[in-house]
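Only this structure's heavy atoms are used, side chains among them; waters, hydrogens and symmetry mates stay out. Below, read A as the first sequence line, B as the second, and so on, with proteins coming before strands; counting in each chain starts at 1.
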Amino acid sequence: MKLWSQYFIPTLKESPADAEIVSHKLLLRAGLVRKLSGGLYTYLPLGLRSLQKITQLCREEMDAAGAIELWMPHLHPAEFWQAGPRWAAAREIMYRADNAGDGRRAPREPEFVLGPTHEEIITPLVKTEITSYRDLPKNFYQIGTKFRNEIRPRYGLMRAREFVMKDAYSFDVDDEAAIRSYLAMKAAYARFFARCGLKTISVEADTGVMGGSFSHEFMVPAEVGDDVVVYCEESGYAANREKASSGLVPADLVDAAPAGALEEFPTPGVVTIAALAAPPFGVAAGLQFKTLLYMGDGKLFAVIVRGGDELEEAKLGALGFTLWRPATPEEIEPVMGAKPGSLGAVRGTIRNPDALAGVFADNAVRLIGNGVTGANRDGFHLRNVNVARDLAITRFGDFRRVREGEQCPKSGHPLKIRRAIEVGHVFKLGTKYSEKFGAVYTDAQKQSRLMIMGCYGIGISRSLQAVIEQCHDADGVVWPWNVAPFQVLIVLLDPQMPEAAELGRKLAAAAEAAGADVLVDDRAERPGVKFKDADLIGLPLRITIGGRGLKEGVIEMKWRTEKDVAKVPLAEAEERVRSAVAAARQAANV
RNA sequence: CGGGGUGUAGCUUAGCCUGGUAGAGCGCUACGUUCGGGACGUAGAGGUCGUCAGUUCGAAUCUGACCACCCCGACCA
C-alpha cells in the first residue's frame, strides 16, 4: 500500500506541447514518464510499476511456453556483428559506443555497439555450449533494454531510441521442430497480449533485415499506428501491407495477343503517369508500364509495375539484395539512355542492358495488352507494347502495393485496410545465423547439422503505450486490471478524520489480501482535484471514503470503466472489496 | 537524410510584423475564506527570451550561423 502524499505522481492539467497523440499525452499527464531527450524517457514510479507488470506477465507466458530466461550484455564488441550476416544493413541503426575515453579520436570502424537485438550474441553462445541433438530444442529469452538509432523517434515510447524489449531465440533440430517452436511462441504471444488487456490481431509479415523464411506480427489496431494492415473479414486473411497480396491477377491469366506493331511517338515534356493519361495522349494509367530503377548492393536493376499501381519497396527483398534504394538520375541515364520519365524495358531500347542486374515485373503488368512505356529516349514513348513479345523480363513477382477493395487472395471478398501498432513479431529464421556462426549439432546418426532458428520480439515499453492508446477515455487512462500500476485507489476525501483514515487502512488491507495493489489518496486536496486525478491515472477500482458517506454509514465503490457508483454499507465494505478484487482478477486472467 | 514548423518561468503561452524597463493563466510559497468533480482573495518567489555572432545609442523583437525540439516521408519492437 502506498500513500499518495508520500509517493510521487506528478499529474498535469495541460499536456506538454510536444505530445501529439492521446497515449503520449496521457503518459505525461498521468505522471507515468518524463522526457529526457528525443526518444529517451524516464519512467516515473507509476509508469515503472505498469512496465514491471507487463514484464512479469511476459515472463510468465514465456516460462509457461518453455522458454528459458537469461541475460546478455547490451554493449557488444563490433566484431560479433561484423562476423554476422547483416552488418552492412544493421550498422546504420546501431549506436556506436567507442572506447574513446583516452582522448584519441573515435576510430573509423566502431569498436563497440549498443545492441539493437541479440542474434549475433546468442548464436555464438549456443554454438559453443550446445553440440548435441539431446540438448535441443532450446529457447532463450531476456527482457531488457534495446538501443536503436531511430531515424525519427516519435510518439513517446512508441518509437524510442532506447526501449524495453523481450527477445527470444529458439534452436531446433529440424524444420518441423522449428515450426513447433514458432507456433508455441505465437500462442504464448496471443495469451500475453490478452492478459495485458490488449486486443491484437496477428498478421503475415515481411521479414525485413532480420531475414528468415516467414513471420507474423502482432498488431494493435490504432489510427496512430505506423504500420498498415490488410485484412479480410470473410476469410480471416490478414497481412502487413508490405507483405499483403490480392487476388487481382488470376493464376491462369493468358497474356493478351498483340494488336499492332511497336510504334514510337513524341511526348515532349511528359515525365509522369498523370501527364500521359491526360489529353492529348489519354493513355489510361492502367495501360502504362511504370519502369523504376533501383540500386541493389551497388548494381542497377529495373522494376516494372502498372502505371496506376505503387511499388511496395519491401517486396524487393524477394530479389536477394541486402540493401536497395531508388537509383539517382545520374546512375540511370548512362545505362538506360534516358532520364526518369522516359524509361522503359522494351528489348533493344536500353542503351547498356548488360549493366542491369535484372528487369523484374509485377504480375499485374501481364494484365496490360498493347500498353505504353518510355522509349529510353527523352521525350518519346512507345505504344502497342506487349509483355511477352516486347519486354525482356528477368522474372515476374508480386511487387505492387495492395489497395483497399481488391479481392482477398483467399475468399475473393474485398480487402480492408487499417493502421496498426506493431507490438510483437515472431520470425522463423531458418539457418541464416546458425550457418554464419557455425551453430551445428550432432544428430543421432553422428552427422553434423545446422540448427534451425527462430526469433521472437515483444516491444514491452511500446505495449505499455499501446494499452493506453487502446484503453482511455476523455478523462484519462482506463487501465486493464493486470497492467494497472495499482488496481485499487482509496480516496480519502477527509484524510484528517481519524475514522476515515482507519477505515481506509482496513479496506486497503482487505484489497491487498485479495491480491490487489492499493494506492491511498490521503492528500489534503479538495475533492474535485482528487476525482479528476483519479480519473486521469485511471486505476480500475475506486473506493471513496468521505465524511458525508460515513454519516450515512456507507462508502462508495466505482469501476473506472463504469459510470455508476455503488454505495456500500460499512458493515459489508471489507467483504465487498474482497469479492470485487477476486472477481476482477479472475476476469483478467481467463 | 529530405521537406515544413517552433524555441519566452516547472507547464500552456502573449509580446516579435512596426527595436526602447518581459506580461498572463496553470503550478509553487505564505495567510485567510472555502471544501463531494481541477475554489476564491491577498501577498510573494520564479526568466541567460535556445546558443553564438552581427546590425544598432539600444535587440525577445532585425540579420546570419549553429543547436534543440515538433510535424510529414524512408527504418523498426
Side-chain angles (χ1 to χ4, degrees), chain A residues 10-21 24-25 28-29 34-40 54 58 89-90 92-94 116-118 143-168 189 193 205-210 215 217-220 225-227 240 242 312-314 323-326 421-427 455-466 475-476 491-496 523-536 542 544-552 555-556 558 565 567:
Chain A
T11 58
L12 301 172
K13 266 192 197 176
E14 294 176 287
S15 36
D18 55 6
E20 182 79 3
I21 67 173
H24 188 194
K25 288 178 181 168
L28 295 164
R29 289 192 54 214
R34 284 295 182 267
K35 182 165 83 173
L36 174 68
S37 172
L40 299 172
I54 294 174
C58 182
E92 57 189 87
I93 64 151
M94 287 195 287
T117 165
H118 281 71
I143 301 173
T145 307
K146 293 282 180 284
F147 301 88
R148 287 191 197 167
N149 188 1
E150 285 295 339
I151 299 159
R152 180 147 93 91
R154 66 176 140 179
Y155 295 158
L157 307 177
M158 207 68 100
R159 191 189 300 204
R161 292 186 158 120
E162 181 184 319
F163 57 96
V164 181
M165 177 170 154
K166 185 283 303 178
D167 48 326
Y189 274 35
F193 288 120
D206 181 66
T207 51
V209 169
M210 204 64 84
S215 78
E217 288 166 338
F218 284 77
M219 296 288 201
V220 176
D226 284 336
D227 280 271
N240 191 308
E242 293 182 344
E312 179 58 69
E313 280 199 30
L323 287 173
W324 58 91
R325 59 165 173 82
I421 301 162
E422 181 189 356
V423 287
H425 203 157
V426 293
F427 293 90
C455 74
Y456 316 94
I458 287 178
I460 299 287
S461 44
R462 181 182 282 182
S463 294
L464 170 65
Q465 187 166 351
D475 297 314
V491 181
L492 301 179
L493 292 182
D494 303 284
Q496 76 292 348
R523 293 175 300 167
E525 286 287 352
R526 298 165 58 83
V529 172
K530 296 190 168 200
F531 289 133
K532 286 289 183 190
D533 271 347
D535 289 342
L536 181 58
R542 188 183 85 193
T544 307
I545 300 173
R548 191 196 281 180
L550 287 182
K551 261 183 222 148
E552 284 179 50
I555 56 138
E556 288 164 16
K558 179 183 174 300
V565 176
K567 296 200 172 185

Please state the P separation for the pair B:C67 and B:G23 - nearest whole angstrom. 33 Å
When the nearest nucleotide of RNA chain B is assigned to A:A160 and to A:G39 on a heavy-atom basis, which residue is associated with the more 5' position? A:G39
Walking RNA chain B from its 5' end, the first of A:D18 and A:S15 to be reached, judged by nearest nucleotide, is A:S15
OP1 or OP2 of B:C69 less than 4.0 angstrom from a side-chain nitrogen or oxygen of A:S37, does that happen here? yes
Rounded to whole Å, the CZ-C1' distance (A:R148 to B:C75) equals 10 Å
Do the side-chain N or O atoms of A:K532 get closer than 4.0 angstrom to the phosphate oxygens (OP1, OP2) of B:A39? no
Counting C-beta onward and ignoring hydrogens, is there a side-chain heavy-atom pair between A:P16 and A:K35 closer than 4.5 Å? no
Can you tell me, in whole Å, how much space there is between the C1' of B:C66 and that of B:G47? 23 Å
Starting at CG of A:D167 and ending at P of B:A77, how long is that distance when rounded to a whole Å? 11 Å
What I want to check is whether an N or O donor and acceptor connect the side chain of A:R152 with the base of B:C1 at under 3.5 Å. no
Euclidean distance for P, B:U13 against B:C1 (whole angstrom): 28 Å
From NZ of A:K25 over to P of B:U12, roughly how many Å is that when rounded to an integer? 12 Å
Given the P atoms of B:U48 and B:A60, what is the spacing between them in whole Å? 13 Å
Counting only side-chain heavy atoms from C-beta out, which of B:G36, B:U12, B:A77 sits nearest to A:P527? B:G36
Checking N1-N3 plus N6-O4 or O6-N4 for Watson-Crick, or N1-O2 and O6-N3 for wobble, each under 3.5 Å, the partner of B:A24 is B:U12
Using only side-chain N and O atoms of A:R159, determine if any of them is under 4.0 Å from OP1 or OP2 of B:A74. no
When you measure from the side chain of A:E552 to the backbone of A:K567, do you find a donor-acceptor pair of N or O atoms at a distance under 3.5 Å? no
How long is the line joining CD of A:E313 and C1' of B:G73, in whole Å? 11 Å
Once rounded to the nearest 0.5 Å, what's the spacing between atom CZ of A:F147 and atom CG of A:L40? 9.0 Å
Can you list the steps and then say if A:K530 with A:R523 is a side-chain contact (heavy atoms from CB on, under 4.5 Å)? CA-CA 8 Å; A:K530 296 190 168 200; A:R523 293 175 300 167; 4.3 Å; yes
Nucleotide forming a Watson-Crick or wobble pair with B:G54, both distances under 3.5 Å: B:C62
B:U12, B:C69, B:A77: which one has an atom nearest the side-chain heavy atoms of A:K35? B:C69
Is B:A43 paired to anything, Watson-Crick or G-U wobble with both distances less than 3.5 Å, and if yes, which nucleotide? B:U29
Nearest to side-chain heavy atoms of A:L493, which nucleotide of B:C76, B:U12, B:G36: B:G36
Using a distance-only criterion (donor-acceptor N/O pair, under 3.5 Å, no hydrogens), is the base of B:G38 paired with the side chain of A:E525? no
What is the separation between atom CZ on A:R154 and atom P on B:A77, rounded to the nearest whole Å? 15 Å
For the residue pair A:Y456 and A:Y189, categorise the inter-ring angle as parallel (less than 30°), tilted (30 to 60°) or perpendicular (more than 60°). perpendicular
For the base of B:G37, is there a side-chain donor-acceptor partner from A:R542 under 3.5 Å away? yes
What nucleic acid atoms does A:D533 come within less than 4.0 Å of, heavy atoms only: base, sugar-phosphate, or nothing? base
Write down the distance separating the P atoms in B:G25 and B:U34, rounded off to the nearest Å. 24 Å
Interatomic distance where CD belongs to A:E150 and P belongs to B:C75 [whole Å]: 11 Å
Donor-acceptor pair present, A:E14 side chain and B:G10 base, under 3.5 Å: no
Nearest whole angstrom, please: distance from the C1' of B:A77 to the CZ of A:F147. 14 Å
Evaluate the criterion side-chain contact (heavy atoms from CB on, under 4.5 Å) for residue pair A:I458 and A:F218; output intermediate values, then yes/no. CA-CA 9 Å; A:I458 287 178; A:F218 284 77; over 6 Å; no
Which whole number of Å gives the distance between the P atom of B:C49 and that of B:A22? 10 Å
Could you tell me which nucleotide pairs with B:C69 by Watson-Crick or G-U wobble geometry, both distances under 3.5 Å, or answer none if nothing does? B:G5
Taking OP1 and OP2 of B:A77, is either one under 4.0 Å from a side-chain nitrogen or oxygen of A:K166? no
Walk me through whether A:I21 and A:Q465 qualify under side-chain contact (heavy atoms from CB on, under 4.5 Å). CA-CA 11 Å; A:I21 67 173; A:Q465 187 166 351; 3.7 Å; yes
Given B:A77, B:G36, B:C76, which nucleotide is nearest the side-chain atoms of A:F163? B:A77
How would you label the contact of A:R523 with the nucleic acid (heavy atoms, under 4.0 Å): base, sugar-phosphate, or nothing? nothing
Have a look at A:R29 and say if it touches a base, only the backbone sugar-phosphate, or nothing, with a 4.0 Å heavy-atom cut-off. base
Counting distance only, does the side-chain N/O of A:R148 pair as donor-acceptor with the main-chain N or O of A:R161 below 3.5 Å? no
Tell me what A:N149 touches on the nucleic acid: a base, only sugar-phosphate, or nothing, going by heavy atoms under 4.0 Å. nothing
note: A:L536, atom CG; B:C11, atom P; distance rounded to Å ~ 18 Å
Closer than 4.0 Å, any side-chain N/O of A:Y155 to the OP1 or OP2 of B:C72? yes
Give me the distance, rounded to whole Å, that separates B:C35 from B:G41 when you measure between the C1' atoms they each carry. 16 Å
Rounded P spacing from B:C57 to B:G19 in Å: 15 Å
